[in-house]
Amino acid sequence: MVLADNSKTFQAVLIKEQSPDYKQVVKKFSKLIPLAEEEQERIIKEISRKRAFMPVQVKDNLSTKDVALLHLNSPDLPGIQIEEGIMRSYPQKLLHAHTIGYVSLFSDSDTKDKDNPLLDLPGYRIGRTGLEKSQQNILEGQPGQKKTEVNAAGRSIRLLEKTKSTPGQDLYLTIDNRLQEYSQSVLSGVAGSAVVMDVKTGDIIAMVSAPTFDPNLFLSPISVKNWNKLMNDKKKPLQNKALHGVYSPGSIFKLVVSLAGLESKTIKSSTTINCTGKTKLGNQLFHCWKKEPGHGYINLIEAIAASCDVYFYEASQKIGAENILKVARKLGFGQKTNIELPDEKTGLVPSFEWKKKKYNESWRMGDTFNLSIGQGFLNVTPLQIVRAVAAIANGGKLVEPHLIKRKEVKSKDLGFLPENLAVVRQGMFQVVNQPGATAYGARFNIGGMKMAGKTATTQVRRITLEEREKGINEKEIPWEYKDHALFAAYAPTNNPRYATVVVVEHGGGGSRVAAPLASKILQKALLLDM
């Protein structure tokens, strides 16, 4: 299926040396075929800075009616010519806006490639976002060259040498269009993202950022109305939240803490801690999400399944922040994944030195407590989460995620003990399949294929003691102050194939909101394989 294509179109260009009063011609043109005032200004500016014999695009994608109208009025439009051109198009419209990206007209504000001979082509466009930006050199090919003898005015008078142009290459993506479409429908109406990755190869088979937008809007200069609508939308439709959104990972990070404890031999799967609903550090109380009397005596696997905060507060004192941060970095947090998309965020895995430099303060046990439940200074991208979950699922290999099909798999063996990974996977299995666990309502069984995962609910503001005691009515909280809902998972549990993460910004509880959506997406991925 074609995701981005070129189609032949008619365009109107203006040659300055054939138009004594080109400014007036542009105004007359606009009365026949409307041009926004800012667009007229851009055209006039471009005409003024180009050499007199070089054509400048005035309007592209002309209809046959437009062409006929311009021909009819040609005596009043000296310098206007109709040419056949090429127009980029995105036939899937909203479906791949963030991965494919879009192209738009080259402007004075662009500093890159100003010596590119393609700039002389009327209506030349450059990649602005997504693969259109990062893969532009591959997609656009190389222009042909003519060596000519020119006069003092820069006009060609004799051809000396000519070389043919090289067409751009086609790119073939790992995306499954059926799963992409389904995942986008699942996230309809929310702000957030969903990523599905093959845990063994790193193939990204779905990457959705919601809400989305139509990249075709940018092919001609976007109207002020449409631009303001996109920019003023608080759900940020232009942002690819899968790799540009950074969030506290919340309780998903408990998987990292568990693995750090097991690898450092500071805790075992059988290590038991009594959760009373809170724990005290100095004069400060740290609460569990489950109020008094808490979860009671539980071991590590049960703590993962119940997402017990007190367990990880207490365990983190034994494990130590250094061990936790070390494992976090091994799993790829705080680093770019090297996916082919531009401007990927790194997130932040803090360090003792970082805090000292940033705040001129030493690392404290309270920081370790916050770290143990994935809050505090830590922030990550959804793409980093899905890569880390894939590493836990596939036996400890950190695979490089990618959108462009490739033959080789780029991965690194992290050296985790298989028995330790098995403990974490068992905890994730119980999260979904143990009655009463946090994601039990999202479980499925498709011919014996089940899901394992981890829920997370991350705060975007501090909850006061009064709010904690009285309880919080979510309906009374403004949207932008509500918690983020996250869920990370893999399936099938007996032979992991796909990992996924779903983030719903300001969606509320991870178990209530994100887990059911991720469950639907994983089920669809498995069914498409059958």
Side-chain angles (χ1 to χ4, degrees), residues 2-14 26-27 29-50 55-63 66 83 85-114 116 118-119 121-136 139-140 184 191 208-241 244-245 341-343:
V2 176
L3 307 182
D5 201 5
N6 294 322
S7 56
K8 290 184 178 180
T9 183
F10 290 107
Q11 61 179 344
V13 301
L14 189 149
V26 172
K27 288 181 180 179
F29 184 100
S30 184
K31 290 179 180 179
L32 296 171
I33 300 174
L35 295 170
E37 189 173 333
E38 63 269 16
E39 181 61 6
Q40 293 181 51
E41 292 174 359
R42 184 197 65 79
I43 293 165
I44 290 169
K45 186 176 182 181
E46 187 173 353
I47 293 170
S48 67
R49 67 179 177 81
K50 278 207 171 183
V56 172
Q57 186 187 82
V58 178
K59 183 73 175 177
D60 62 1
N61 203 25
L62 297 173
S63 66
D66 292 334
E83 295 183 348
I86 295 290
M87 185 78 166
R88 197 65 154 160
S89 64
Y90 303 104
Q92 301 296 313
K93 295 184 178 180
L94 307 176
L95 194 55
H96 300 279
H98 296 97
T99 49
I100 300 299
Y102 61 84
V103 296
S104 68
L105 292 171
F106 193 89
S107 68
D108 285 343
S109 61
D110 295 309
T111 57
K112 183 183 177 184
D113 293 336
K114 286 208 170 181
N116 189 337
L118 289 173
L119 293 180
L121 293 175
Y124 174 66
R125 292 170 172 82
I126 63 171
R128 298 292 181 187
T129 61
L131 292 170
E132 290 279 30
K133 179 178 179 179
S134 66
Q135 307 298 308
Q136 174 161 325
L139 291 166
E140 74 177 4
Q184 189 161 293
V208 172
S209 182
T212 185
F213 65 97
D214 186 352
N216 292 293
L217 291 171
F218 292 89
L219 295 177
S220 296
I222 188 169
S223 68
V224 173
K225 179 183 176 182
N226 284 332
W227 176 251
N228 288 338
K229 184 179 179 182
L230 290 169
M231 289 300 292
N232 295 330
D233 190 332
K234 63 183 180 181
K235 292 184 178 180
K236 300 179 181 178
L238 294 177
Q239 183 188 52
N240 184 350
K241 298 177 178 68
H244 298 152
L341 295 174
D343 309 316

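Note that this is a predicted model, so its numbers are computed, not measured. As a basis for the values below, the full set of heavy atoms in this structure was taken, side chains included, without hydrogen atoms, waters or symmetry mates. Sequential numbering from 1 along the given sequence is applied to the chain's residues.
- Here the rule is side chain to side chain contact (heavy atoms under 4.5 Å, CB included) with Ser104, and of Arg128, Arg88, Arg125 only Arg128 fits it.
- Here Leu238 contributes atom CG and Met231 contributes atom CE; the two are 6.5 Å apart, rounded to the nearest 0.5 Å.
- Although no hydrogens or angles enter the test, the distance criterion places a donor-acceptor pair under 3.5 Å between the side chain of Ser209 and the main chain of Lys241.
- Here the straight-line distance linking atom NZ of Lys229 with atom CG of Asn232 works out to 11.5 Å at 0.5 Å rounding.
- For the residue pair Gln57 and Gln11, the shortest heavy atom distance occurs at NE2-OE1, 2.7 Å.
- Expressed to the nearest 0.5 Å, how far OG1 of Thr129 lies from CD of Gln239 amounts to 12.5 Å.
- Closest approach of Glu132 to Gly101, counting heavy atoms only: CG-C, 4.0 Å.
- Taking the salt bridge (charged side-chain N to carboxylate O under 4.0 Å, His left out) definition, one finds that Arg42 meets it with Glu39, Glu46, sequence neighbours left out.
- The minimum heavy-atom distance between His98 and Pro211, with the atom names listed, is CE1-O, 3.6 Å.
- Note: Ile86 CD1 to Thr9 OG1 = 9.0 Å, rounded to the nearest 0.5 Å.
- Among all heavy-atom pairs drawn from Thr99 and Leu341, the shortest one is O-CD2, 3.4 Å.
- Interatomic distance, Ile126 CD1 to Tyr102 OH, rounded to the nearest 0.5 Å: 10.5 Å.
- Residues Pro91 and Ser89 share a closest heavy-atom pair of CD-O, 3.4 Å.
- Residues His244 and Asp343 approach most closely at CD2-O, 3.0 Å, considering heavy atoms.
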Please list, one pair per line, the donor and acceptor atoms closer than 3.5 Å that link side chains of residues 213-224 to other protein atoms, with sequence neighbours excluded.
from	atom 1	to	atom 2	distance (Å)
Asp214	OD1	Asn216	N	2.9
Asp214	OD1	Asn216	ND2	2.8
Asn216	OD1	Tyr90	N	3.0
Asn216	ND2	Tyr90	O	3.1
Ser220	OG	Asp60	OD1	3.1
Ser223	OG	Asn226	N	3.1
Ser223	OG	Asn226	ND2	3.2

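- In this structure, CG on Leu95 lies 9.5 Å from CD1 on Ile100, to the nearest 0.5 angstrom.
- The backbone N or O of Leu35 sits less than 3.5 Å from a side-chain atom of Gln40, completing a donor-acceptor pair.
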